[in-house]
Colleague: 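Below is one structure. I have some questions about it.
Small disclaimer: the values here were computed from a predicted structure and weren't measured. For reference, positions follow the sequence shown, starting with 1.
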Amino acid sequence: AAGIVHFFANTLPEEKLEYIKKIQASGVTAMVGDGINDAPALAQADIRIVMAEGTDVAIESGDIILMKNNLRDIMKAITLSKATVSKIKQNLFWALIYNCFGIPLAAGAFYHSYGILLSPEFAGMAMALSSISVITNSLLLRKITLSPASRP
């Protein structure tokens, strides 16, 4: 019903751990668990997804904690994570561009050649606008659709 093709269930903790080690050789692994018997495999997995109603040991070893026991929330978490990383990259890019031009301009690097100098008031306003643009861009994450059918 969740669309999961390959899974490994009804096993002992040691078997889960060995299975995670085996499939790690072929790429990144994700483990979803909720109990103490999942803790060793969760600790070994690259991405650890834990149900919030799980044991404290499982929650402590989790990278992502799902607040409801709903497997569809895994896809929502992946979609939101990818969108967040994209926003971080966008914000870093624009901050880099801004600082590459703004800092030399404010420091007077172009004053002797072109007579351009940024007043402290304008530099402060430009810095505030830079922060506002980063925050506004980040707030666009709220527009991400996290429907149960979301696919990353």
Colleague: Do side-chain atoms of Glu15 reach the backbone of Asn10 as a donor and acceptor pair under 3.5 angstrom?
Modeller: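 It does not hold such a pair.
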Colleague: State yes or no: do Val85 and Val28 share one hydrophobic cluster built from I, L, V, M, F, W and Y residues joined by side-chain heavy-atom distances below 4.5 Å, directly or via other members?
Modeller: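 Different clusters: Val85 never reaches Val28 through Ile, Leu, Val, Met, Phe, Trp or Tyr contacts under 4.5 Å.
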Colleague: Indicate yes or no for a side-chain donor-acceptor contact from Ser130 to the backbone of Ala126 under 3.5 Å, with no hydrogens or angles considered.
Modeller: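 Flag not set: sc Ser130 to bb Ala126 has no pair under 3.5 Å.
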Colleague: More than 12 heavy atoms of other residues, nucleotides or ligands under 6.0 Å from CD of Gln90: is that the case?
Modeller: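 Atom CD in Gln90 is crowded, with more than 12 foreign heavy atoms closer than 6.0 Å.
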Colleague: Measure the shortest side-chain to side-chain distance between Arg142 and Leu139 over non-hydrogen atoms and say whether it is less than 4.5 angstrom.
Modeller: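 Of all side-chain heavy-atom pairs linking Leu139 with Arg142, at least one is under 4.5 Å.
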Colleague: Nearest 0.5 Å, what's the CG-CZ distance between Leu105 and Phe110?
Modeller: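 CZ of Phe110 is found 6.5 Å from CG of Leu105.
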Colleague: Can Ile116 be reached from Phe122 by stepping across I, L, V, M, F, W or Y side chains whose heavy atoms are under 4.5 Å apart?
Modeller: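 Yes: a chain of side-chain contacts under 4.5 Å links Phe122 to Ile116.
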Colleague: Between Ser86 (side chain only) and Lys82 (backbone N and O only), is there a donor and an acceptor less than 3.5 Å apart?
Modeller: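 No, the answer is negative, given that no donor and acceptor are paired below the 3.5 Å cut-off.
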Colleague: Between the side chain of Asp46 and the main-chain N/O of Thr29, is any donor-acceptor distance below 3.5 Å?
Modeller: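 Answer holds: yes.
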Colleague: Report the hydrophobic cluster partners of Tyr98, with the cluster defined as I, L, V, M, F, W, Y residues connected by side-chain heavy atoms closer than 4.5 angstrom, directly or transitively.
Modeller: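 Members alongside Tyr98: Met127.
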Colleague: Taking atom CG of Asn37 and atom CG of Leu42, what is their separation to the nearest 0.5 Å?
Modeller: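 Asn37 CG to Leu42 CG: 9.5 Å, rounded to 0.5 Å.
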Colleague: Any chance you could measure Met31, atom CE, to Lys16, atom NZ, to the nearest 0.5 Å?
Modeller: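 NZ of Lys16 is found 5.0 Å from CE of Met31.
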Colleague: Within a strict 4.5 Å, meaning less than it, do heavy atoms of the Thr136 and Leu140 side chains meet?
Modeller: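 No, every pair of side-chain atoms sits at 4.5 Å or beyond.
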Colleague: Step by step, would you call Asp34 with Asn69 a side chain to side chain contact (heavy atoms under 4.5 Å, CB included)?
Modeller: CA-CA 9 Å; Asp34 66 352; Asn69 285 337; 5.6 Å; no
Colleague: Which heavy atom of Asp63 sits nearest a heavy atom of Ile47, and at what distance?
Modeller: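 Closest approach of Asp63 to Ile47: OD2-CA, 3.6 Å.
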Colleague: Taking all non-hydrogen atoms of both residues into account, name the closest pair between Asn70 and Met51 and its distance.
Modeller: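 Nearest pair, atom of Asn70 first, then Met51: N-SD, 4.4 Å.
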Colleague: How far does OG of Ser81 sit from NZ of Lys76, to the nearest 0.5 angstrom?
Modeller: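 Here the interatomic distance stands at 13.5 Å.
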Colleague: Should Met125 and Leu118 be regarded as members of a common hydrophobic cluster, given that ILVMFWY residues are connected when their side-chain heavy atoms come within less than 4.5 Å of each other, either directly or indirectly?
Modeller: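 Cluster IDs for Met125 and Leu118 match.
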Colleague: Would you say the side chain of Leu141 lies within less than 4.5 Å of the side chain of Ile144, judging by non-hydrogen atoms?
Modeller: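 With C-beta onward as the side chain, the pair touches.
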Colleague: What about Leu17 and Tyr19, same hydrophobic cluster or not, with Ile/Leu/Val/Met/Phe/Trp/Tyr joined at side-chain heavy-atom distances under 4.5 Å?
Modeller: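 No; tracing contacts between hydrophobic side chains, which count when under 4.5 Å, never links both residues.
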Colleague: Nearest 0.5 Å please: distance from the CD1 atom of Ile20 over to the CG atom of Asp38.
Modeller: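 The CD1 atom of Ile20 sits 9.5 Å away from the CG atom of Asp38.
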Colleague: Would you mind reporting whether Leu66 and Val50 have side-chain heavy atoms less than 4.5 Å apart?
Modeller: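 Side-chain contact under 4.5 Å: no.
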Colleague: What's the spacing between Asn91 CG and Leu96 CG if we round to 0.5 Å?
Modeller: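 One gets 12.5 Å once the value is rounded to the nearest 0.5 Å.
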